[in-house]
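Quantities reported herein were computed from a predicted structural model and do not represent experimental measurements. Read the numbers this way: they start at 1 and go in the same order the structure lists the ligands and their atoms.
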Amino acid sequence: MSHWLLPWTASCLCGRVKMRVTEAPAVATACHCKACQKLSSGPYSLTLLLPAAGFEVIEGATEIGGLHSPDVRHHYCPHCKSWVYTTATALAGFVNFRATMLEDASWVMPFVDMQIADKLPGVVSGASRSYPGFPPPEDYGSLMEAFAKEGARPG
Ligand SMILES: [Zn+2]
Ligand SMILES: [Zn+2]
């Protein structure tokens, strides 16, 4: 199953930061934690976990926002302040890309709900699997395998 119609283009709201995705996501998640609620100004953050080698900023430059932790770097457009992606030491080799920045995000559906202990009432993401916190590290392999087979994709 390599039916991802790559590459994808993406941009922040104002278009000053443009990005390109050239490798398929490892998994699509909805994180309902309180930090994602504040960062996204919404009920959850919608994320594509992308191999870092398959993601690049091709125009403009980001600035750091959020809590400015050295371990978790939230990247923003300096002009429109869109939260466009996150890097973290715990995510070595991957980028947490904000799927709504895609030029065409119409196909994106979360595969895994995370942190549903903090989920707001009435919120349904459509994900088929869920965890009260973050998935335990030993589950990531099987989640990625299942996503590669069954995960929603473009077209
Ligand atoms: Zn912008
Ligand atoms: Zn979160």
Side-chain angles (χ1 to χ4, degrees), residues 7-22 24-52 54-144 146-147 151-152:
W8 305 330
T9 53
S11 73
C12 62
L13 176 64
C14 77
R16 283 171 173 82
V17 175
K18 290 191 167 44
M19 295 154 284
R20 180 164 54 209
V21 177
T22 54
V27 71
T29 61
C31 184
H32 300 261
C33 82
K34 288 178 178 167
C36 285
Q37 291 174 11
K38 290 198 186 278
L39 288 163
S40 67
S41 312
Y44 60 83
S45 67
L46 179 61
T47 298
L48 293 174
L49 182 66
L50 296 175
F55 172 79
E56 59 182 327
V57 174
I58 54 171
E59 205 178 302
T62 58
E63 68 178 19
I64 297 303
L67 292 177
H68 297 246
S69 154
D71 298 322
V72 183
R73 308 298 277 169
H74 295 106
H75 290 255
Y76 286 76
C77 168
H79 184 77
C80 70
K81 311 299 184 189
S82 297
W83 175 30
V84 291
Y85 67 96
T86 299
T87 54
T89 45
L91 290 173
F94 290 93
V95 172
N96 259 347
F97 171 71
R98 309 264 69 83
T100 47
M101 301 304 139
L102 286 174
E103 187 178 18
D104 175 16
S106 63
W107 58 271
V108 180
M109 173 152 165
F111 193 64
V112 183
D113 274 324
M114 307 193 300
Q115 299 283 350
I116 59 163
D118 288 330
K119 189 170 79 61
L120 297 180
V123 174
V124 178
S125 79
S128 54
R129 293 144 207 259
S130 71
Y131 289 88
F134 289 118
E138 64 270 21
D139 279 19
Y140 269 93
S142 58
L143 285 174
M144 289 176 183
F147 179 77

request  = Would you please classify the geometry between the F147 ring and the F111 ring as parallel, tilted or perpendicular, with 30° and 60° separating the classes?
outcome  = perpendicular

request  = Without swapping roles, check the side chain of S82 against the backbone of L13 for a donor-acceptor pair under 3.5 Å.
outcome  = yes

inquiry  = side chain to side chain donor-acceptor pair (under 3.5 Å) for T47 and N96? Distances and angles first, verdict last.
reply    = CA-CA 6 Å; T47 298; N96 259 347; 4.8 Å; no

request  = Calculate the angle formed at the Zn ion (ligand 1) by SG in C12 and SG in C80; 10° precision is enough.
outcome  = 110°

inquiry  = According to ring pair (Phe, Tyr, Trp, His ring centres under 6.0 Å), does anything in residues 113-143 pair up with another residue at least two apart or in another chain? List the pairs.
reply    = none

query = What angle, to the nearest 10°, do the atoms SG (C33) and SG (C36) form about the Zn ion (ligand 2)?
reply = 110°

ask   = So, H32 and the Zn ion (ligand 2): N/O/S under 2.8 Å, yes or no?
value = no

